[in-house]
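Worksheet: one structure, shown below.
Heads up: numbering here begins at 1 and tracks the sequence.
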Amino acid sequence: MDLLEKIKSERAQSSKKRPFRRTLFDQVNGLVRTYSLEESFLSRLEVPEDYLSEAKGEFAQLKNKQPIEFPLFSLSAEKEYRLTIAIMSKVNNPYLKFAQSPDEIVISKLLFDLNPSLGAVKLKRYHFETLLLCERAKKEMEDLQEQTKNRRKQEGRGSAKESLGDEGSLPDSLEKRIKQLQSFVAKVEGSQAQ
């Protein structure tokens with residue numbers, strides 16, 4: 001291939017149509033406009049750690065996303081523009097582009113801090129609240145399994161037989177909680193493969 005043919009080939013490749021992708025600004029601005037967010041929303045971004053902090057809750061239901069179709073280009077007033085830029089600067093993580101509601105914007109930072117390697121399939125499918133509960137369930141399972149190991153070590157020494165029950169087994173509540181957590185995590189992890 002001579003130089004002229006190579007140049008023509010490269011130009012033909014570069015002029016192929018590429019699908020248009022919505023920018024992060026358009027996504028966040030779409031949320032600002034759809035939910036009529038105000039400047040007061042920024043105060044919710046200041047303390048995202050409080051959100052679901054006491055979520056020991058029931059892990060029975062998976063919360064799927066309710067997708068919103070945003071316009072390809074956003075035309076916004078100066079107030080909406082400033083709020084969009086402020087949100088993007090405060091919530092500076094890759095999960096923000098998957099947010100479909102104000103709650104997800106708030107949760108995205110905490111979720112990213114807990115697990116920065118969640119896949120796009122999960123982020124598109126599940127509400128961030130479900131994913132946050134899943135990450136917390138994994139952490140709680142680790143803690144409970146560590147407690148179980150410690151109790152079994154103590155049982156081996158014969159000092160904690162009373163606290164483990166007559167047969168030396170784990171208390172029913174601890175065993176039920178571990179099964180509940182495993183079931184919830186399996187739902188989130190397993191349904192992704194379907």
Side-chain angles (χ1 to χ4, degrees), residues 14-142 181 184-185 187-194:
S14 67
S15 66
K16 283 186 180 178
K17 290 184 180 179
R18 294 184 194 114
F20 182 79
R21 300 203 191 283
R22 194 172 284 111
T23 65
L24 180 60
F25 176 85
D26 293 326
Q27 177 81 14
V28 175
N29 191 258
L31 289 170
V32 168
R33 296 180 76 213
T34 301
Y35 290 97
S36 303
L37 297 179
E38 299 287 329
E39 293 286 327
S40 61
F41 177 74
L42 294 174
S43 65
R44 285 183 63 193
L45 299 176
E46 296 297 325
V47 280
E49 292 81 24
D50 290 345
Y51 194 85
L52 296 175
S53 62
E54 298 302 319
K56 290 269 181 188
E58 300 302 316
F59 294 110
Q61 222 173 341
L62 299 181
K63 194 172 181 182
N64 290 325
K65 285 200 185 228
Q66 299 300 323
I68 299 172
E69 196 57 43
F70 298 109
L72 290 177
F73 301 100
S74 31
L75 299 172
S76 60
E78 182 180 352
K79 188 177 178 181
E80 293 168 337
Y81 174 82
R82 289 183 190 276
L83 181 58
T84 301
I85 295 298
I87 290 171
M88 289 172 57
S89 66
K90 283 186 182 259
V91 184
N92 188 13
N93 69 66
Y95 293 174
L96 182 59
K97 70 180 174 185
F98 297 101
Q100 293 285 313
S101 70
D103 288 340
E104 286 191 316
I105 292 173
V106 173
I107 298 171
S108 69
K109 182 181 181 334
L110 185 57
L111 183 61
F112 182 73
D113 291 344
L114 281 174
N115 186 352
S117 61
L118 288 174
V121 173
K122 276 187 186 178
L123 293 168
K124 286 179 185 175
R125 182 173 186 171
Y126 293 114
H127 193 281
F128 287 0
E129 182 179 322
T130 298
L131 296 174
L132 181 63
L133 288 174
C134 182
E135 293 304 315
R136 289 193 173 165
K138 289 177 188 177
K139 174 74 172 111
E140 188 178 342
M141 270 188 343
E142 288 176 18
L181 294 170
F184 180 75
V185 170
K187 282 181 190 177
V188 176
E189 302 286 330
S191 62
Q192 176 187 355
Q194 295 174 353

Give the minimum heavy-atom separation between [X] and [Y], together with the two atoms involved.
| X | Y | value |
| --- | --- | --- |
| Asn115 | Glu135 | ND2-OE2, 3.2 Å |
| Phe184 | Ala137 | CD2-CB, 4.3 Å |
| Asp26 | Ser74 | OD1-OG, 2.5 Å |
| Ala99 | Gln27 | O-NE2, 3.0 Å |
| Ser89 | Ala86 | OG-O, 2.9 Å |

**OP:** With sequence neighbours left out, write down each residue that passes ring-ring contact (aromatic ring centres under 6.0 Å, His included) with Tyr95, or none if nothing qualifies.
**Re:** Phe112

Check residues 31-38 and write down every donor-acceptor pair under 3.5 Å in which the side-chain atom is one partner and the other belongs to a residue at least two apart or another chain.
from  : atom 1 : to     : atom 2 : distance (Å)
Arg33 : NH1    : Leu75  : O      : 3.3
Thr34 : OG1    : Gly30  : O      : 2.7
Tyr35 : OH     : Gln100 : O      : 3.4
Glu38 : OE1    : Lys79  : NZ     : 3.3

**OP:** Would you indicate whether Lys138, at its atom NZ, is surrounded by more than 12 heavy atoms from other residues, nucleotides or ligands within a distance under 6.0 Å?
**Re:** yes

**OP:** Flag yes if more than 12 heavy atoms outside Lys139 fall under 6.0 Å of its NZ atom; otherwise flag no.
**Re:** no

Side chain to side chain donor-acceptor pair (under 3.5 Å) involving [X] - partner list, sequence neighbours excluded:
| X | result |
| --- | --- |
| Lys124 | none |
| Glu39 | none |
| Asn92 | none |
| Ser101 | none |

Hey, what do you get for [atom1] ([X]) to [atom2] ([Y]), rounding to the nearest 0.5 Å?
| X | Y | atom1 | atom2 | value |
| --- | --- | --- | --- | --- |
| Ile107 | Leu133 | CD1 | CG | 8.5 Å |
| Arg82 | Ser76 | CZ | OG | 11.0 Å |
| Thr130 | Lys65 | OG1 | NZ | 10.0 Å |
| Lys90 | Leu45 | NZ | CG | 6.5 Å |
| Leu131 | Phe98 | CG | CZ | 11.0 Å |
| Leu96 | Ser108 | CG | OG | 5.5 Å |

Subject >> Under 3.5 Å: donor-acceptor pair, side chain of Arg22, backbone of Phe70 >> reply: yes

Less than 4.5 Å apart, any side-chain heavy atom of [X] and any of [Y]?
| X | Y | result |
| --- | --- | --- |
| Phe41 | Ile87 | yes |
| Leu111 | Leu123 | yes |
| Asp103 | Glu129 | no |

Subject >> side chain to side chain contact (heavy atoms under 4.5 Å, CB included) assessment of Asn29 paired with Phe73 >> reply: CA-CA 10 Å; Asn29 191 258; Phe73 301 100; over 6 Å; no

